[in-house]
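Hydrogens, waters and symmetry mates play no part in the numbers below; they use all other heavy atoms, side chains included. Chain naming here is simple, since letters A, B, ... match the order of the sequence lines and numbering starts at 1 in each. If you're wondering where the values come from, they're calculated on a predicted model, not measured in any experiment.
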Amino acid sequence: MRIATWNVNSIRLRAEQAVTWLKETQPDVVCLQEIKCQNEQFPREPFEALGYNVTVHGQKGFNGVALLSKLPLEDVTHGLAGDESDVQARFIEAVVSVKGGVARVCCMYLPNGNPPQTEKYDYKMGFMARLKAFAAERLKLEEPFVIAGDYNVIPGPADASDPSAWTQDALYLPRTRATFRDLLAMGFTDAIRATSDSDRLFSFWDYQAGAWQRDFGIRIDHLLLSPQAADRLIGAGIDKHVRAWERPSDHVPVWVDLKLAA
DNA sequence: ATGACAAAGAATCTTTGA
């Protein structure tokens with residue numbers, strides 16, 4: 001089973017590219033972030049035509065996440081628990097049935113948090129605290145469980161082409177990285193890091209200043225695996241070539257292959 | 001020292017992103 005995540009930066013602009021990519025790699029479950037539309041505006045038809053079930057948690061203009069799955073999506077929940085006042089569309093949880101049980105997947109768009117020392121960073125830290133509490137509960141289920149998405153976290157110096165450029169940034173501040181490490185300490189495995197030590201594995205290149213051409217990238221899109229998912233890890237990768245397509249998203253798809261079958 | 005670039009939505013500019 002292949003589970004992929006991609007921040008598409010508008011699904012209405014990127015639907016055609018998404019279809020091309022889906023036909024190429026045929027993932028079983030796909031987590032999309034920054035769809036930037038409301039539920040009724042989401043272009044469901046091209047994805048349903050490829051055999052995907054679709055659940056959309058959108059909002060007007062910004063944010064928005066969607067989950068696509070070849071298997072039926074069960075127990076779908078929109079939103080991350082822990083703050084009833086949070087109206088931003090950033091989280092979907094669902095399960096799919098697999099041999100011997102279920103696989104649980106979360107699609108997440110974690111807040112950027114810039115600039116620091118504003119309420120935006122407080123919101124990011126609050127969201128991460130809620131994520132930790134949620135993840136701790138889910139780990140008790142001892143299921144294959146994947147939290148996939150745009151974490152807006154550069155985990156360490158190997159995850160940026162020039163770490164010194166990010167020291168004052170919400171994506172790389174010590175508190176941000178420490179909270180991400182807390183998730184790993186709880187028992188999650190960073191799928192890309194579990195399969196490579198390369199310091200050139202990036203998932204985002206800014207549109208500005210020729211970042212792509214200079215390979216000025218960062219790794220901020222992650223798939224964190226529960227122990228039961230990590231036990232089934234076969235491989236992981238980044239579909240970097242997508243960034244070279246015409247009118248690309250600034251992020252590229254990241255994926256993991258797990259030894260799980262329907 | 002600063003901006004670059006892209007997208008959405010309300011409007012020909014502002015907000016947001018990273």
Side-chain angles (χ1 to χ4, degrees), chain A residues 5-18 21 31-43 56-66 86-91 107-128 131 148-180 192 200-222 238 240 242-254:
Chain A
T5 179
W6 188 14
N7 179 323
V8 290
N9 189 16
S10 170
I11 193 59
R12 286 178 288 177
L13 282 181
R14 227 69 67 191
E16 198 177 319
Q17 285 188 27
W21 167 71
C31 301
L32 300 175
Q33 301 88 36
E34 282 207 88
I35 62 170
K36 292 187 171 177
C37 68
Q38 298 173 79
N39 293 351
E40 59 273 21
Q41 298 173 307
F42 189 95
V56 181
H57 182 34
Q59 72 177 82
K60 189 174 181 178
F62 302 98
N63 304 321
V65 285
D86 183 2
V87 295
Q88 299 193 28
R90 295 180 174 276
F91 201 85
C107 171
M108 180 178 71
Y109 177 43
L110 206 146
N112 174 300
N114 278 309
Q117 290 157 349
T118 67
E119 70 288 343
K120 295 202 172 189
Y121 193 66
D122 296 337
Y123 175 59
K124 178 177 194 151
M125 288 294 103
F127 193 97
M128 292 186 87
L131 178 65
D150 177 358
Y151 280 69
N152 272 314
V153 174
I154 303 167
D159 302 305
S161 59
D162 180 9
S164 69
W166 299 94
T167 52
Q168 304 304 311
D169 194 284
L171 280 61
Y172 195 61
L173 286 173
R175 277 181 69 202
T176 305
R177 294 164 59 194
T179 310
F180 185 81
I192 290 291
R200 307 302 305 176
L201 296 173
F202 307 132
S203 66
F204 170 90
W205 296 260
D206 202 289
Y207 289 122
Q208 300 183 61
W212 167 247
Q213 289 75 11
R214 297 187 293 121
D215 198 25
F216 189 85
I218 51 178
R219 192 174 70 91
I220 56 175
D221 299 271
H222 310 299
I238 301 178
K240 182 176 179 177
V242 170
R243 187 63 177 79
W245 288 353
E246 197 149 344
R247 292 197 80 185
S249 170
D250 39 8
H251 297 249
V252 296
V254 184

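For the C1' atom pair drawn from B/dT12 and B/dA7, the interatomic distance equals 16 Å after rounding to whole Å. Comparing the C1' positions of B/dA18 and B/dC5 gives a spacing of 11 Å, expressed to the nearest Å. Between the C1' atoms of B/dT2 and B/dA8, the separation comes to 26 Å (whole Å). B/dA6 and B/dA11 have their P atoms separated by 25 Å, given to the nearest Å. The separation of B/dA4 from B/dC13, taken at their P atoms, amounts to 15 Å, rounded to a whole angstrom. When the P atom is used for both B/dG3 and B/dT15, the distance is 16 Å, rounded to whole Å.
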Before giving the answer on side chain to side chain contact (heavy atoms under 4.5 Å, CB included), spell out for A/R12 and A/I35 the whole-Å C-alpha distance, their side-chain angles and the decisive distance to 0.1 Å.
CA-CA 7 Å; A/R12 286 178 288 177; A/I35 62 170; over 6 Å; no
Step by step, would you call A/Y123 with A/T118 a side chain to side chain donor-acceptor pair (under 3.5 Å)?
CA-CA 9 Å; A/Y123 175 59; A/T118 67; over 6 Å; no
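For A/N112 and A/K124, the side-chain atoms include no donor-acceptor pair closer than 3.5 Å.
Residues A/W21 and A/W245 place their aromatic rings such that the two centres sit no closer than 6.0 Å.
The main-chain N or O of A/I220 is found under 3.5 Å from a side-chain atom of A/S203 such that the two form a donor-acceptor pair.
Here the C1' atom of nucleotide B/dA4 and the CZ atom of A/F216 are 13 Å apart, to the nearest Å.
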Protein within reach of the bases, or only the backbone? For nucleotides 8-18 of chain B, mark each nucleotide 5' to 3' as B, S or -, using heavy atoms under 4.0 Å.
SSS----BSSB
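Partners of A/Q59 under the side chain to side chain donor-acceptor pair (under 3.5 Å) rule, at least two apart in sequence or in another chain, are A/N63.
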